[in-house]
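Residue numbers start from 1 in every chain, and the chains themselves are labelled A, B, ... in the order their sequence lines are given, proteins ahead of strands.
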2 protein chains.
Amino acid sequence: MKTAENASRRFHALADETRLKIIDRLRDGEECVCNLTGPLGMRQSLLSFHLRTLKDAGIIRDRKEGRWVYYSLNFDVLDEMLTTLEALKKPRKGLRLIAPRCE
Amino acid sequence: MKTAENASRRFHALADETRLKIIDRLRDGEECVCNLTGPLGMRQSLLSFHLRTLKDAGIIRDRKEGRWVYYSLNFDVLDEMLTTLEALKKPRKGLRLIAPRCE
DNA sequence: TTGACTGATCAAGATTGTTTGATACATTTC
DNA sequence: GAAATGTATCAAACAATCTTGATCAGTCAA
């Protein structure tokens with residue numbers, strides 16, 4: 001199941017407080033790495049590691065400008081995750097009212 | 001941030017292919033553990049471990065009946081996760097059109 | 001060209017998560 | 001009661017992920 005692999009990688013990217021805080025910072029728009037280390041109070045190499053994790057999952061994009069790098073949310077992927085999550089709630093075939101019994 | 005801790009634990013529960021497959025099996029309604037080991041092709045103790053992970057995150061509930069245990073999705077928590085995911089897309093304050101410059 | 005600065009990468013260690021097999025516990029059946 | 005069954009838990013092995021500090025590559029300005 002290729003889909004499950006993709007989905008689990010995306011959810012894994014959100015399964016970390018540090019990365020959720022990074023995303024929270026990006027909600028207002030794109031942000032330079034240099035403007036993230038301070039507010040998030042973390043070392044540059046650690047921030048870089050988490051940004052890469054989010055980028056590999058497709059949740060954020062990067063844009064290089066001179067010696068700075070700006071990161072921003074990828075709304076398309078966030079929307080796809082919403083769709084995935086919605087799908088988990090819907091029955092696969094017909095709705096089954098009674099669970100199969102063990103004997 | 002208590003919310004971030006909670007959210008990351010929930011996303012972590014979905015950050016695993018095996019657990020996504022378990023959830024997929026529960027989409028049609030509650031299911032007995034004994035009806036999961038076979039289709040998922042996994043050892044009982046491993047299944048039990050993953051069910052616990054999902055239950056600790058609040059994503060599934062269990063119901064004991066005799067010597068069987070039935071698991072089912074907790075739609076309330078899935079809805080809360082949808083809300084969390086939606087929130088990540090919305091700006092925190094006012095929309096900022098231009099990213100802060102580094103100098 | 002040199003020096004300063006931004007950000008990525010790497011290796012090593014620390015932490016956390018997953019898998020396995022064995023065992024324990026509760027419930028049912030005989 | 002004893003045996004059988006369904007499920008949870010435990011310890012140990014293994015695997016993946018996170019954190020740290022050091023170093024490297026690219027860019028800019030003097």
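Per the geometry, CD belonging to B/Glu65 stands 13 Å off C1' belonging to C/dT28, to the nearest Å. One interatomic measurement links the two molecules: CD1 of A/Ile22 to P of C/dG7, which rounds to 13 Å at whole-angstrom precision. For the pair B/Arg63 CZ and D/dA8 P, the computed distance is 14 Å after rounding to whole Å. Going from atom CG of A/Leu36 over to atom C1' of C/dA8 covers 15 Å, rounded to whole Å. The interatomic distance linking A/Met42 (CE) with C/dT6 (P) rounds to 17 Å, in whole Å. Straight-line distance from the CG atom of B/Asp56 to the P atom of C/dG17: 11 Å, rounded to whole Å. Distance B/Leu47 CG to D/dA8 P: 8 Å, rounded to the nearest Å. As a whole-Å value, the separation of A/Leu46 CG from D/dT23 P is 19 Å.
With salt bridges taken as basic N to acidic carboxylate O contacts below 4.0 Å, one links A/Asp24 and A/Arg27. Between A/Arg9 and A/Asp56 there is no salt bridge, since none of the side-chain N atoms of the basic residue sits less than 4.0 Å from a carboxylate O of the acidic one. Between B/Glu30 and B/Arg61 there is no salt bridge, since no side-chain N of the basic residue sits under 4.0 Å from a carboxylate O of the acidic one.
Toward the 5′ end of DNA chain D lies the nearest nucleotide of A/Asp16, the other residue of the pair A/Asp16 and A/Lys64 mapping further downstream.
OP1 or OP2 of D/dA8 has at least one side-chain nitrogen or oxygen of B/Tyr71 nearer than 4.0 Å. At C/dT6, none of the side-chain N or O atoms of A/Tyr70 fall inside 4.0 Å of OP1 or OP2 (strictly under the cut-off). Regarding contacts with the backbone of D/dC18, a side-chain N or O of A/His12 is found under 4.0 angstrom from either OP1 or OP2. Not one side-chain nitrogen or oxygen of B/Arg67 sits closer than 4.0 Å to the OP1 or OP2 atom of C/dC25.
Residue A/Asp62 comes nearest to A/Tyr71 through the heavy atom pair CB-CE2, 3.4 Å, listed as atom of the first residue, atom of the second, then distance. For the pair B/Glu17 and A/Ser8, the tightest heavy-atom approach, listed with the atom from each and the gap, is CG-OG, 3.7 Å. Heavy-atom minimum distance, A/Cys34 versus A/Trp68: SG-CD1, 4.0 Å.
Candidate nucleotides C/dG7, D/dT7, D/dT20 were compared by shortest atom distance to the side chain of A/Arg43, and D/dT20 ranks first. With D/dA8, C/dG7, D/dT19 as the choices, the nucleotide that has an atom nearest any side-chain atom of B/Gln44 turns out to be D/dA8. With C/dA26, D/dT7, C/dG7 as the candidates, the nucleotide lying closest to the side chain of B/Trp68 is D/dT7.
For residues 48-55 of chain A, proximity to DNA chain C is found at A/Ser48, A/Arg52, defined as any non-hydrogen atom under 4.0 angstrom from a strand atom.
Considering CZ of A/Phe75 and CD1 of A/Ile59, their distance stands at 12.5 Å, rounded to 0.5 Å.
Across all strands shown, A/Ser45 has heavy atoms under 4.0 Å from base atoms, whether or not it also approaches the sugar-phosphate.
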